[in-house]
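Remarks on the structure that follows.
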Protein chains: 2
Amino acid sequence: MNSGKPTVFVVDDDASFLTAITRLLRAGNYSYQTFTSATEFLKTPPMDEPGCIIVDLHMPGPSGLELQDTLEKGGNPLPIIFLTGHGDIPTSVHALKQGAEDFLTKPVKRATLFAAIERALARDAREREQRSRRRELRARFGALTPREREVLSHVVRGQLNKQIAGDLDASERTIKAHRANIMAKLQVRSVAELVRLSQEAGING
Amino acid sequence: MNSGKPTVFVVDDDASFLTAITRLLRAGNYSYQTFTSATEFLKTPPMDEPGCIIVDLHMPGPSGLELQDTLEKGGNPLPIIFLTGHGDIPTSVHALKQGAEDFLTKPVKRATLFAAIERALARDAREREQRSRRRELRARFGALTPREREVLSHVVRGQLNKQIAGDLDASERTIKAHRANIMAKLQVRSVAELVRLSQEAGING
DNA sequence: CCGGCTATTGTCCTTTGGTGCAGTACGGGA
DNA sequence: TCCCGTACTGCACCAAAGGACAATAGCCGG
């Protein structure tokens with residue numbers, strides 16, 4: 001498990017700013033890692049490390065917004081806190097709508113930054129939890145055969161075995177067999193649990 | 001039903017701005033209504049009218065942000081679009097985090113404004129739909145007696161009648177009776193539907 | 001070619017769920 | 001005081017679900 005202390009990733013091309021902020025982070029007892037460009041940041045390993053990102057808007061190479069886009073498309077993005085000296089309102093609005101955790105302006109007050117970091121880390125933990133749960137469920141559903149999935153979709157709609165049998169043009173006995181397999185593979189013991197699990201996994205509507 | 005054309009409510013103390021924007025709205029074929037202060041807006045009937053709000057930040061009396069707060073506490077808020085000439089980043093961030101649909105700056109381009117309005121109206125329709133559905137469900141759940149609710153919570157956890165009977169210290173027959181009542185009152189015919197409905201209504205967790 | 005997985009179905013039996021019919025008991029409102 | 005809703009329960013019956021044991025058939029990879 002990768003459940004160590006979360007890391008604050010700082011991406012900023014301004015060396016003096018990096019110095020200042022790392023001092024702050026050290027004082028706040030945060031683990032951190034710095035990068036001087038989005039490109040440099042993206043080169044690091046796929047990084048499934050918990051944490052958050054503090055990023056400047058304007059940098060040589062990809063901007064902060066572009067970094068956000070890229071990470072988002074990547075799948076499991078870390079929460080992003082923008083921290084910039086030359087932002088404007090449309091940009092901040094865009095960033096937030098894109099899912100940024102916060103958009104702060106330099107100079108930033110220590111308390112403000114720390115509060116934002118805490119929110120970002122909390123959010124990351126929450127989302128990480130959810131993603132992992134979801135992956136786990138997807139895996140279980142992945143073990144189902146196509147036919148079983150078909151049966152499942154009818155079961156969670158509350159249909160009786162005989163109805164399902166009719167719909168799928170099979171005998172009731174067959175449905176019972178599939179049903180038993182489904183329950184076993186998904187590790188549930190009641191229809192109620194089955195429905196809940198399906199909902200959680202985002203299967204069926 | 002209050003399903004007529006949605007209304008764009010404009011709250012701004014600047015008369016010349018109101019003139020300009022209403023001209024725009026008319027051109028865009030929107031129904032609208034104007035107010036020169038948050039107070040004036042809040043005096044209007046409870047307003048369960050579909051639509052959205054375009055509001056200035058700084059006005060005599062309550063500011064746009066305060067109006068947002070008030071509406072939010074009120075229960076069924078309309079989506080809010082801030083439109084201001086003198087905003088700053090922290091304010092825009094705050095407004096968006098508070099749930100504003102958008103935060104635009106004057107002067108605003110016609111297309112930008114219309115796009116924002118469309119998003120806001122779409123969102124309102126969606127939320128309105130959801131709220132109404134939820135209210136309907138709550139009403140059904142409201143018809144349940146305390147004891148029935150108790151039984152329900154066990155049922156949706158997938159417990160057997162005999163287990164529920166044990167937990168609630170009653171006979172299995174009694175549980176069956178409650179269960180039948182529940183199914184009737186909630187208008188469902190299967191446990192699957194029951195679980196889905198409970199989830200949707202935000203009951204049990 | 002064989003073992004394993006999937007899909008299919010059958011019979012038999014047990015456990016659960018659901019319903020009809022009936023009766024007791026309590027508390028509040030007409 | 002009487003009626004109604006709520007809660008509770010028993011008996012009997014039927015329907016549905018689920019498990020046990022078993023078998024057939026097609027497909028795929030070793």
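Labels below follow one simple rule: chain letters A, B, ... track the order of the sequence lines, proteins then strands, and each chain is numbered from 1. No experiment lies behind these values; they were computed from the predicted model shown.
- Inspection of the A:T7 and A:E49 side chains reveals an N or O donor paired with an N or O acceptor under 3.5 Å.
- The backbone N or O of B:F141 sits less than 3.5 Å from a side-chain atom of B:R149, completing a donor-acceptor pair.
- The CD-C1' distance, from B:E172 to C:dT19, rounds to 14 Å in whole Å.
- By the neighbour-count criterion of 12 heavy atoms within 6.0 Å, atom CD of B:E129 is sparsely surrounded, having that number or fewer from other residues, nucleotides or ligands.
- Taking a 6.0 Å sphere around NZ of A:K162, one finds it holds 12 or fewer heavy atoms contributed by other residues, nucleotides or ligands.
- Of the candidate nucleotides D:dA17, D:dC21, C:dA7, D:dA17 has the atom nearest to the side chain of A:N161.
- Taking atom CD of A:Q163 as the reference point, atom P of D:dA16 lies 9 Å away to the nearest angstrom.
- Among the atoms of the strands shown, base atoms are found under 4.0 Å from some heavy atom of A:T174.
- Close to D:dG5, at under 4.0 Å from its OP1 or OP2, lies no side-chain N or O of B:T145.
- Rounded to an integer number of Å, the gap from B:I164 CD1 to C:dG18 P is 10 Å.
- The side chain of A:R173 lies closest to D:dG19 when the candidates are D:dG19, C:dT19, D:dA7.
- Remark: C1' of D:dT9 and CZ of B:R147 are 13 Å apart, rounded to the nearest angstrom.
- Comparing D:dT6, C:dG10, C:dA7 against the side chain of A:S171 picks out C:dG10 as the nearest.
- Using a 4.0 Å cutoff on non-hydrogen atoms, the parts of residues 175-193 of chain A near DNA chain C are A:A177, A:H178, ordered by number.
- Between B:E150 atom CD and D:dA7 atom P there is a gap of 10 Å when expressed in whole angstrom units.
- In the set D:dT9, C:dG17, D:dA17, C:dG17 carries the atom at the smallest distance from any side-chain atom of B:L160.
- Taking both residues in full, the closest heavy atoms of A:D12 and A:D14 are given as OD1-N, 2.8 Å, listed atom of the first, atom of the second, then distance.
- Taking A:T70 as the reference, A:L42 meet the side-chain contact (heavy atoms from CB on, under 4.5 Å) condition, with sequence neighbours excluded.
- Residue B:R149 contributes atom CZ, which lies 11 Å from atom P of D:dT6 at whole-angstrom precision.
- Side-chain N/O atoms of A:K162 include one lying less than 4.0 angstrom from OP1 or OP2 on D:dA16.
- The separation between A:E148 atom CD and C:dT6 atom P is 7 Å, rounded to whole Å.
- Among the nucleotides C:dA7, D:dT6, D:dT9, the one closest to the side chain of A:P146 is C:dA7.
- Between A:L186 and A:R140, the closest heavy-atom pair is O-NH1, 2.7 Å.
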Identify the pairs formed between an N or O of the protein and an N or O of nucleotides 25-28 of chain D at a distance under 3.5 Å, and give each distance.
none

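- Side-chain polar atoms of B:T36 and B:D13 form no donor-acceptor pair below 3.5 angstrom.
- Atom CD of A:Q130 has 12 or fewer heavy atoms from other residues, nucleotides or ligands within 6.0 Å.
- Between B:F9 and B:Y32, the ring centre distance reaches or exceeds 6.0 Å.
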